[in-house]
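Working notes, beginning with the structure itself.
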Amino acid sequence: MTAGGQAEGADPASARLPSRAARLLSALLYGTCSFLIVLVNKALLTTYGFPSPIFLGIGQMATTIMILYVSKLNKIIHFPDFDKKIPVKLFPLPLLYVGNHISGLSSTSKLSLPMFTVLRKFTIPLTLLLETIILGKQYSLNIIVSVFAIIVGAFIAAGSDLAFNLEGYIFVFLNDIFTAANGVYTKQKMDPKELGKYGVLFYNACFMIIPTLAISFSTGDLQQATEFNQWKNVLFIIQFLLSCFLGFLLMYSTVLCSYYNSALTTAVVGAIKNVSIAYIGMLVGGDYIFSVLNFVGLNICMAGGLRYSFLTLRSQLKPDQPVEEEDVPADLKS
């Protein structure tokens, strides 16, 4: 066990797992959390008509801070105490973090689930581009062709979207940019000898909750949340609290998946999850308007995403893959 592994000593069970098992389990956790939170948020923002996506994001940040701080106090996990170097070490993650939160929640409320999940697939080519530029990675022609199919399918579906919502499209494309950049920079910042995965999560939430609260107050989002007429509805409150907890789990599982795999694998797992959500969204939610061209575009996009997912995960899980050796954390190499 290396010094870096000891610094993350809060989860020795994970460190002892074989590399392939750790990768698969972290990817499965991320995919499950990502799937569930989209459905819960969609119910809150559309079915119940909750008008304050920023306030919901604040609830998720507060839950993250509370769970991690209590866990640190009880010595369940470890991350460094605050010092003046931490903001420099984290930059630009806090800005990407809050942008990802707000744009994701806003786009969920303004688009049908099928269109939301298709447009979210632009995260994949953006992640590929950023990993090439920032992390110096290279990808095969098969993967590039699959990405091209995703883009073509998404453009066909978007061009024939009968429920077109410009504001929703802007938010979802911003969400794609923030998600891709957040994943790549998180991978770069998670050195166990520095902040580690728990430190990245905790200080991200701490630095951004007050500015986000200020944004919520200044835009009227906070007032809309406090005046919402469903706060006496037990089912609404349960789903709101569930969303806050799932927000924490999603942030944790995203970091965990990027830690044991790569930002690219995290984006790929999200693409697989989106297939299920898109087809479920055609049957439930009531805001999907069918057209032949839109349906064809959806399926082209999904096929490209699945092909891309298969190629990338197969590459990630090869134990003798030299390119991916750098992605294996130090505590798994020892």
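Residue F173 places its CZ atom among more than 12 non-hydrogen atoms of other residues, nucleotides or ligands, all under 6.0 Å distant. In this structure, L129 places its CG atom where more than 12 heavy-atom neighbours from other residues, nucleotides or ligands lie under 6.0 Å away. At most 12 heavy atoms of other shown residues, nucleotides or ligands fall within 6.0 angstrom of atom CZ in F148. For CZ of F228, the number of neighbouring non-hydrogen atoms (other residues, nucleotides, ligands) closer than 6.0 Å is greater than 12.
The cluster map of Ile, Leu, Val, Met, Phe, Trp and Tyr, joined by side-chain heavy atoms under 4.5 Å apart, puts M66 and Y69 in different clusters. Using a 4.5 Å cut-off between side-chain heavy atoms of Ile, Leu, Val, Met, Phe, Trp and Tyr, with links allowed through other members, L126 and I144 fall into different hydrophobic clusters.
Qualifying salt bridge (Lys or Arg N to Asp or Glu O under 4.0 Å) partners for E167, counting only residues two or more places apart in sequence or in other chains: K110. Every residue meeting the salt bridge (Lys or Arg N to Asp or Glu O under 4.0 Å) condition with D81, not counting sequence neighbours, appears here in chain and number order: K72.
The CG atom of L36 sits 10.0 Å away from atom CG of L250, with the distance rounded to the nearest 0.5 Å. Atom OG1 of T63 and atom CZ of F248 lie 9.5 Å apart (nearest 0.5 Å). Interatomic distance, L44 CG to Q239 CD, rounded to the nearest 0.5 Å: 5.5 Å.
Using a 4.5 Å heavy-atom cutoff, the side chains of N233 and I237 are not in contact. Under the 4.5 Å side-chain criterion, counting only non-hydrogen atoms from C-beta, T47 is not in contact with K42. Looking only at side-chain heavy atoms (C-beta outward), V296 and N299 stay at 4.5 Å or farther from each other. Looking at S243 and L56, their side chains come closer than 4.5 Å, going by heavy atoms from C-beta outward. In this structure the side chain of I65 reaches within 4.5 angstrom of the side chain of F202, judged on heavy atoms.
A centroid separation of less than 6.0 Å is found between the aromatic rings of F50 and F236.
Counting only distance, with no hydrogens or angles, the side chain of D221 and the backbone of F55 share a donor-acceptor pair below 3.5 Å. Side-chain atoms of S218 come within 3.5 Å of backbone N or O of I215 as a donor-acceptor pair. Put simply, the side chain of Y252 never gets that close to the backbone of Y198: no donor and acceptor are under 3.5 Å apart. The closest donor-acceptor contact from the side chain of T179 to the backbone of N175 lies under 3.5 Å. Although no hydrogens or angles enter the test, the distance criterion places no donor-acceptor pair under 3.5 Å between the side chain of T127 and the main chain of A180.
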